[in-house]
Novice: 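The structure is given below, and queries will be raised subsequently.
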Amino acid sequence: MTPTAPARVRYAPSPTGRTHIGGVRTALYDFLLARQTGGQFILRIEDTDVKRLVPGAEAEIMESLRWLGLDWDEGPDVGGAAGPYRQSERAAIYQEHARRLVQLGAAYPCFCSPERLAQMRQEQQKRKEPPHYDGLCRRLAPSESQARIDRGEKHVIRFRSPEDGTTTAVDLLRGPITVENSTIDDYVLLKSDGLPVYHLAAMVDDHLMGITHVLRSSEWLPTFPLHVLVVRALGWTEPTWVHLSVFLSPTGKGKMSKRQAVDTKGGAKSIYALDLRDLGYLPEAVVNWLALMGWSYDDRTEMFAMDDLIQKFSLEKLNASPAAVNFTKLDHFNGIYTRALSNEDLAARLGPVFAQAGLKADREALVRIAPSIRERIRTLDEAVEIAGFFFRDKVEPSAEALIGRNMTAEASRAALLAAEARIASATDVGGKDLEQELRSLAAELGLEPGQLFGLLRMAVTGQPVSPPLFETMEFVGKETVLARLRRAAELLAQ
RNA sequence: GCCCCCAUCGUCUAGUGGCCCAGGACGUGGCCCUCUCAAGGCCAAAACGGGGGUUCGAAACCCCCUGGGGGCACCA
């Protein structure tokens with residue numbers, strides 16, 4: 001049931017790599033649930049594996065969330081009453097709970113060396129047994145364990161999983177999941193470096209931070225019963241568990257891989273949030289797209305602004321089956337959101353894109369061309385492709401490209417010069433009068449309007465595809481248009 | 001190998017036993033509009049993986065198979 005009581009939810013990534021859309025989607029759902037119920041959205045960094053830490057990863061997590069408008073109420077940077085929010089700063093807390101578990105008899109110290117464990121596993125595989133801890137230290141008398149600890153022997157703390165019976169864990173989307181306890185391994189909870197493993201750290205933090213709903217990836221399903229057992233051993237009440245399906249690669253075959261910039265029809269794509277930003281996608285489009293990958297509202301509504309999502313999101317409508325990433329649909333959403341932008345807004349977002357392409361395009365100019373390109377772009381960077389010529393000093397089409405459709409070079413040159421003369425005497429190069437004038441000219445020359453216009457387009461813009469000819473000429477300016485037409489005629493004469 | 005999850009058009013999905021010879025969206029094809037490219041409008045093709053049950057009635061419930069995915073670390 002989607003709660004009406006304030007939900008406290010957390011997004012708890014590990015700073016071990018780049019921030020991809022799978023994680024971001026989980027964060028989105030967390031955020032929506034918190035905002036809808038008037039609860040809190042918490043960012044917690046799970047950095048207990050020192051070896052896998054990637055510098056800058058934490059910053060990328062935050063930058064990605066901010067870009068998409070997923071602001072958190074509590075976190076490493078903003079603080080909060082349940083902090084610290086970085087697990088590496090909470091080691092003492094986990095150690096205390098590990099001790100408690102040992103006292104309770106639900107966990108035990110294990111002194112086995114990594115070498116012994118590796119060998120054990122190897123032998124088990126040879127015997128075609130599932131790899132699992134063989135329980136050597138589980139059978140140690142507490143007094144002996146204590147003595148070895150006092151002697152300073154290196155050890156970990158393992159969970160003492162029940163020998164028989166079954167454990168049932170309830171997932172909101174899948175219902176009860178029951179497993180034989182004999183299949184639950186004696187997992188390590190606290191490593192010999194004193195830092196916890198996920199199985200302990202996440203359970204402790206979720207409880208201490210008052211988390212009401214745990215939304216996480218379905219990769220955790222296999223260890224879900226273990227988690228429930230840990231929580232119960234500590235005597236805590238469980239949160240509502242929601243396991244979100246993973247994303248599949250665009251073909252639907254195989255998991256979306258971490259290093260995947262697949263080449264779809266529109267060009268290179270990326271599964272990383274910040275790459276999407278740099279590729280010219282709008283955050284509102286990415287949010288809408290992501291929200292619909294695993295969640296739906298009804299049988300027809302697809303456009304959702306963040307406010308709509310906050311209002312309409314519900315856990316019940318989450319889909320338990322895996323979804324393939326569909327970048328083409330992202331393009332579609334992006335096109336719609338782009339077209340909905342005002343001239344000023346579009347110009348503002350285009351500024352950095354043109355700058356990055358090395359083109360000097362001031363805000364005022366961008367506002368003026370916005371109406372001409374809005375309907376022609378799906379991503380912001382396509383604007384450079386279609387309208388970059390506006391900001392280049394010279395256009396130099398090849399003589400070959402300047403020959404009109406079904407025309408000779410000479411006829412093309414003549415048409416260009418004839419058009420130049422008419423445009424020279426026009427008062428308004430963007431107006432209907434000139435258009436009529438040139439249509440008449442085309443008829444006089446025995447040309448289709450499209451042939452003449454195509455010729456002019458190539459001469460003025462240097463490209464076969466552009467915004468509508470007359471708006472384009474108006475923006476380029478009469479003198480420049482005339483100069484370019486003369487230059488084109490020259491090129492054709494050679 | 002063992003454990004767990006999932007299963008409707010190519011893709012995202014609606015569907016909670018009769019409203020479904022299955023609806024929407026993207027994509028695809030065609031037509032219209034049109035100075036190019038888009039945008040827009042109209043139309044079309046396209047799915048309940050297979051087999052058993054349950055039921056007066058199954059896309060929906062149960063079982064098996066198949067397929068897909070995930071997991072089996074002192075990673076998360």
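By convention in this document, chain letters (A, B, ...) are assigned in the order of the sequence lines, proteins followed by strands, and residues within each chain are numbered from 1.
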Novice: Can a side chain N or O of A:Asn319 be found less than 4.0 Å away from OP1 or OP2 on B:A14?
Specialist: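 True: A:Asn319 side-chain N/O within range (under 4.0 Å) of B:A14 OP1/OP2.
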Novice: Select base, sugar-phosphate, or nothing to describe what A:Asp171 touches, counting heavy atoms under 4.0 Å on all strands.
Specialist: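 The answer is nothing, as A:Asp171 stays clear of every strand by at least 4.0 Å.
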Novice: Ignoring hydrogens and angles, does a donor from either the side chain of A:Arg174 or the base of B:C5 sit under 3.5 Å from an acceptor on the other?
Specialist: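 When only heavy-atom distances are counted, A:Arg174 does not reach the base of B:C5 through any donor-acceptor pair under 3.5 Å.
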Novice: Taking the C1' atom in each of B:U13 and B:A60, what is the distance between them to the nearest angstrom?
Specialist: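 Looking at atom C1' only, B:U13 and B:A60 are 16 Å apart.
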Novice: Both distances below 3.5 Å, Watson-Crick or wobble geometry, any strand: find the nucleotide opposite B:C42.
Specialist: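 Partner of B:C42: B:G30.
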Novice: Using ring centroids (six-membered ring only for Trp), state whether A:His227 and A:Tyr198 fall under 6.0 Å.
Specialist: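 Distance test on ring centres: under 6.0 Å, yes.
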Novice: From CZ of A:Arg127 over to P of B:G1, roughly how many Å is that when rounded to an integer?
Specialist: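 Answer to the nearest Å: 19 Å.
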Novice: Taking the six-membered ring for Trp, are the ring centroids of A:Tyr281 and A:Trp289 within less than 6.0 Å of each other?
Specialist: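 Centroid separation for A:Tyr281 and A:Trp289: 6.0 Å or greater.
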Novice: Would you please confirm or rule out a distance under 4.0 Å between OP1 or OP2 of B:C4 and any side-chain N or O of A:Thr183?
Specialist: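 Answer no for this pair, as no side-chain N or O of A:Thr183 is under 4.0 Å from OP1 or OP2.
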Novice: I'd like to know whether A:Glu396 forms a salt bridge (Lys or Arg N to Asp or Glu O under 4.0 Å) with A:Arg484, so could you lay out the CA-CA distance, the side-chain angles of the two residues, the decisive distance to 0.1 Å, and finally the verdict.
Specialist: CA-CA 9 Å; A:Glu396 284 284 306; A:Arg484 287 183 183 181; over 6 Å; no
Novice: Check the phosphate of B:U13 against A:Arg300, side-chain N and O only, distance under 4.0 Å to OP1 or OP2. Yes or no?
Specialist: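 Indeed not, no polar side-chain atom of A:Arg300 lies that close.
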Novice: So which nucleotide does B:C21 pair with, by the Watson-Crick or G-U wobble rule with both distances under 3.5 Å?
Specialist: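 The answer is none; no pair meets the criterion.
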Novice: Let me know the distance between CZ of A:Phe247 and P of B:U11, rounded to the nearest Å.
Specialist: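 In whole Å, B:U11 P and A:Phe247 CZ are 16 Å from each other.
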Novice: When the distance from CZ of A:Arg457 to P of B:U34 is rounded to whole Å, what number comes out?
Specialist: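 In whole Å, B:U34 P and A:Arg457 CZ are 15 Å from each other.
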Novice: With rounding to the closest Å, how many angstrom separate the C1' atoms on B:G67 and B:A47?
Specialist: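 Straight-line distance between the two C1' atoms is 16 Å.
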Novice: Provide the distance between the two C1' atoms, one in B:C20 and one in B:C37, to the nearest whole Å.
Specialist: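 Pairwise C1' distance, B:C20 against B:C37, rounds to 41 Å.
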Novice: Restricting both atoms to N or O, compile the protein contacts to nucleotides 40-50 of chain B shorter than 3.5 Å, with distance only.
Specialist:
unit_1: B:G40; atom_1: OP1; unit_2: A:Arg339; atom_2: NH1; d: 3.3

Novice: Quick check: are there more than 12 heavy atoms from other residues, nucleotides or ligands sitting under 6.0 Å from OH of A:Tyr297?
Specialist: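 It does not: A:Tyr297 OH has 12 such atoms or fewer within range.
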Novice: Would you say a side-chain N or O of A:Arg44 is under 4.0 Å from OP1 or OP2 of B:A76?
Specialist: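 Checking A:Arg44 against B:A76: no side-chain N or O falls below 4.0 Å of OP1 or OP2.
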Novice: Could you run down the sub-3.5 Å N/O contacts of the protein with nucleotides 15-19 of chain B?
Specialist:
unit_1: B:G15; atom_1: OP1; unit_2: A:Lys317; atom_2: NZ; d: 2.8

Novice: Tell me whether the side-chain N/O atoms of A:Arg439 come closer than 4.0 Å to OP1 or OP2 in B:C35.
Specialist: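 For A:Arg439, the contact criterion (side-chain N or O under 4.0 Å from OP1 or OP2 of B:C35) is met.
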Novice: Could you list the protein-to-nucleotides 70-74 of chain B atom pairs, N/O on both sides, closer than 3.5 Å?
Specialist:
unit_1: B:C72; atom_1: O2'; unit_2: A:Pro131; atom_2: O; d: 3.3
unit_1: B:C74; atom_1: OP1; unit_2: A:Arg121; atom_2: NH2; d: 3.1
unit_1: B:C74; atom_1: OP2; unit_2: A:Arg121; atom_2: NH2; d: 3.4
unit_1: B:C74; atom_1: O2; unit_2: A:Ser192; atom_2: N; d: 2.8
unit_1: B:C74; atom_1: O2; unit_2: A:Ser192; atom_2: OG; d: 2.8
unit_1: B:C74; atom_1: N3; unit_2: A:Ser192; atom_2: OG; d: 3.0
unit_1: B:C74; atom_1: N4; unit_2: A:Cys112; atom_2: O; d: 3.2

Novice: Mind checking whether A:Trp241 and A:Phe224 have ring centres under 6.0 Å apart?
Specialist: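 For A:Trp241 and A:Phe224, the ring centres are under 6.0 Å apart.
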Novice: Aromatic contact between A:Phe159 and A:His199, with the criterion being ring centroids under 6.0 Å apart: yes or no?
Specialist: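 No, the ring of A:Phe159 stays outside the 6.0 Å limit from the ring of A:His199, centre to centre.
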Novice: Taking the same atom, P, in B:G15 and in B:G24, what whole-Å distance lies between them?
Specialist: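 B:G15 and B:G24 have their P atoms separated by 15 Å.
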